[in-house]
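Computation of the quantities below employed the complete heavy-atom set of this structure, encompassing side-chain atoms and omitting hydrogens, waters and symmetry-equivalent molecules. A, B, ... follow the sequence lines: proteins, then strands. Residue 1 opens every chain.
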2 protein chains.
Amino acid sequence: MSEIQRPGALYQQVAAAIREAILSGEFAPDTLLPSEAQLMTRYGVSRPTVRNAIAALRAEGLIDVRHGKGSFVRSSGHPTLTLERRISRTSEGKFVMPNGDTWQEAEEPNTYRTLTTKTTGRLLQLGEEEALFGCDRLLIDPATGTRAMHRTLIPFEVAEAVPLLGEEPCKPPAAIYWVLTQVGGHALSWTETVRAHMPLPDERTALQLPDATPVLHVARVAHDADDRPLVLEELRFGADRAELAYRITADKQPTRRARP
Amino acid sequence: MSEIQRPGALYQQVAAAIREAILSGEFAPDTLLPSEAQLMTRYGVSRPTVRNAIAALRAEGLIDVRHGKGSFVRSSGHPTLTLERRISRTSEGKFVMPNGDTWQEAEEPNTYRTLTTKTTGRLLQLGEEEALFGCDRLLIDPATGTRAMHRTLIPFEVAEAVPLLGEEPCKPPAAIYWVLTQVGGHALSWTETVRAHMPLPDERTALQLPDATPVLHVARVAHDADDRPLVLEELRFGADRAELAYRITADKQPTRRARP
DNA sequence: AGTCATCACTCGTAAGGACAAGTGACGTCA
DNA sequence: TGACGTCACTTGTCCTTACGAGTGATGACT
């Protein structure tokens, strides 16, 4: 009966005690925590209080609870998949994404269709709710089992010049750059924007995410020589499975971006 | 009384109904949701069930609950601060981090001290629990109020060659690179690794994070000509306030990394 | 020996009641 | 008018009880 007293609510004291035990290593990773009943007698509180404490630890991603078995200390395993974000151009002018792209299609690819975007329109220099030409995919990395949601978005202005896009199913992620070069749209620079958010239920199921696992969201925009956006690629994946890696080399001069 | 039936548990049905109303725009952002009592009569369930549903929406980051007032639809405001991750070298050989570094010290800086790292040792090619020379900071962006935790880590092997580091307080983040050049440690490349995780309580309070807000974690490692790590900078901030932006330019040749 | 029912244990769901605590408006009182 | 107390409303905390559902081992039956 480790007596507890300190801060705020009872369940927070219980949560703090368990958390401390986990972080100090008293409860090792992948270890079974005491059951709810045991915690009730241990701290002299009711079951809702224990469950409330456990819910707090769950939201912090410290433990995993399995129905009928118990609560396990989550092994703070680092991501097993590192996505190297680098785009290179071969001498023939073809674009390759050389690494981190061992993705395979996990489902039958969709076809291009009209989409609207609230969150990423800004990156394409569009207003909110503006229509786009786009395609969704569910990708999987066979080596690690990591899943990712991929979306290609092309402004209508650009898509109209590319008759090939009407064909179905839509091209694999990397091919879109090649397609663009065929019609004279040469991407000169890419900007990647990285965000994180909590998954909605559809993302939770599609990406098979455990509790309290954020989604990493990468939006890659290709710009042409006039700094106008050509394509937007979105990639979402569970932050427990994969991480992003950028290699930065020192320029001789600071790069300046055009200011409209 | 919108009757509900479909999937799984009662509280999930209630949560799904509210979630749908939010995503469809029926409940506008920053709007007050019906109170718990109203939801009880609306769906004909008990208070624990309503609270359970609300807890689920809270964990998804869809709503904010304020004691004594009610539940508000969270305005899905995009991050206001964009951190441009680019390192440039001036012609004099001094290193500058030209953008996204309007940070100010939010607290009196600490002094360098010995730290151990479990999660990021790998990036420095060290084992787990290996000791390092390091310094923590709490930064703030005055324009947006965004807070960030910053940590500088230097392997003992490197730190021993730098007598300047013993001085207190420790240098501002960017200065460490300049210090290194003074003793012949020239950084040639940087690798940034991006992860996301849910905050522990200390991160929640230090960064002043709302519910269900992930932490974005950037680890920047500077390597010398022999590809040995010189410094590790860690930056953590709330994913609701800031995002990362990388500009990628197309190389003529794919970059190959040494394989040991 | 093998199969399968049972049981004890786990967590999940749902309801009920009671009181504490934060918030804001309203009305009283000085 | 101004200050303040009260009250109604909100969510927060905590307890009790009950049953459903997943898991694994035990043991009886074939």
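If you check residues 63-73 of chain B against DNA chain C, the residues with a heavy atom closer than 4.0 Å are His67(B), Gly68(B), Lys69(B), listed by number.
Using a distance-only test at 3.5 Å, with no hydrogens or angles considered, no donor-acceptor pair links the side chain of Arg241(A) to the main chain of Ala148(A). The closest donor-acceptor contact from the side chain of Gln13(A) to the backbone of Gly8(A) lies under 3.5 Å. Judged by distance alone, with hydrogens and angles left aside, the side-chain atoms of Glu20(B) form no donor-acceptor pair with the main-chain N or O of Ala17(B) at under 3.5 Å.
A salt bridge (charged side-chain N to carboxylate O under 4.0 Å, His left out) with Asp211(A) holds for exactly one of Arg74(A), Arg66(A), Arg204(A); it is Arg204(A).
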#### Entry: side chain to side chain contact (heavy atoms under 4.5 Å, CB included) evaluation trace for Asp141(A) with Trp103(A)
CA-CA 5 Å; Asp141(A) 179 64; Trp103(A) 298 115; 3.8 Å; yes
### Task
Kindly indicate, with the supporting measurements, whether the criterion side chain to side chain contact (heavy atoms under 4.5 Å, CB included) is fulfilled by Ile54(A) and Leu39(A).
CA-CA 10 Å; Ile54(A) 287 181; Leu39(A) 291 174; 4.2 Å; yes
### Task
For the pair His217(A) and Glu243(B), evaluate side chain to side chain contact (heavy atoms under 4.5 Å, CB included) and give the outcome as yes or no after the intermediate values.
CA-CA 10 Å; His217(A) 176 281; Glu243(B) 64 189 4; over 6 Å; no
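Between Tyr43(A) atom OH and dC14(D) atom P there is a gap of 15 Å when expressed in whole angstrom units. Whole-Å rounding puts the Arg47(B) CZ to dC9(D) C1' distance at 12 Å. Distance, Met40(A) CE to dT16(D) P: 7 Å, rounded to whole Å. Regarding Arg51(A), its CZ atom lies at a distance of 16 Å from the P atom of dT13(D), rounded to whole Å. Distance Leu39(A) CG to dC14(D) P: 15 Å, rounded to the nearest Å.
Rounded to the nearest 0.5 angstrom, Leu207(B) CG and Leu138(B) CG are separated by 7.0 Å. Of the inter-residue distances, the one linking Arg236(B) atom CZ with Arg151(B) atom CZ reads 7.0 Å to the nearest 0.5 angstrom.
Mapping Gln38(B) and Pro48(B) onto DNA chain D by nearest heavy atom places Gln38(B) at the nucleotide closer to the 5' end.
Interface limits on DNA chain C: the 5'-most and 3'-most nucleotides within less than 4.0 Å of chain B heavy atoms are dT13(C) to dG24(C).
Contact annotation: Ser35(B) does not reach the phosphate of dC9(D) (side-chain N/O to OP1 or OP2, under 4.0 Å). The phosphate of dG12(D) (OP1 or OP2) has a side-chain N or O of Arg58(B) nearer than 4.0 angstrom.
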